[in-house]
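For reference, the structure discussed in these notes is given below.
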Amino acid sequence: MTDDGDPVINVVFRGELPEHAEPVAVSAEEVAGFVWLTVAEAESTADCPPWVLRGLRRAAS
């Protein structure tokens, strides 16, 4: 849920990635967008929504 109460689906995965891995949307019709970030990268990105950051912090703990 956003801070305004709007429903949103965020899928957060935690894991080790190969150094040169590239993200791919298998079904672009179903995925509005995605990025791969560490928690530190998300915290330093001004446009990272707070509800996404909360999910990342939960996954990292």
Side-chain angles (χ1 to χ4, degrees):
M1 196 107 4
T2 68
D3 290 346
D4 294 334
D6 295 324
V8 65
I9 297 174
N10 289 309
V11 180
V12 177
F13 294 97
R14 178 181 176 194
E16 299 283 329
L17 296 174
E19 188 173 323
H20 299 291
E22 292 292 327
V24 175
V26 176
S27 180
E29 305 84 39
E30 296 180 15
V31 178
F34 61 89
V35 293
W36 290 4
L37 299 171
T38 64
V39 174
E41 290 168 335
E43 289 173 334
S44 67
T45 302
D47 61 347
C48 183
W51 56 89
V52 173
L53 192 52
R54 285 193 297 268
L56 290 172
R57 287 178 176 147
R58 274 186 242 131
S61 63

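Treat the numbers as computed from the prediction; the structure is a model and nothing was measured.
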Val39 versus Leu53, closest heavy-atom pair with distance
O-CD1, 4.3 Å

Over all heavy atoms of both residues, which pair between Ala42 and Cys48 is shortest? Give the atoms and the distance, please.
O-CB, 3.5 Å

Run the salt bridge (charged side-chain N to carboxylate O under 4.0 Å, His left out) test against Glu41 and tell me which residues pass, sequence neighbours left out.
none

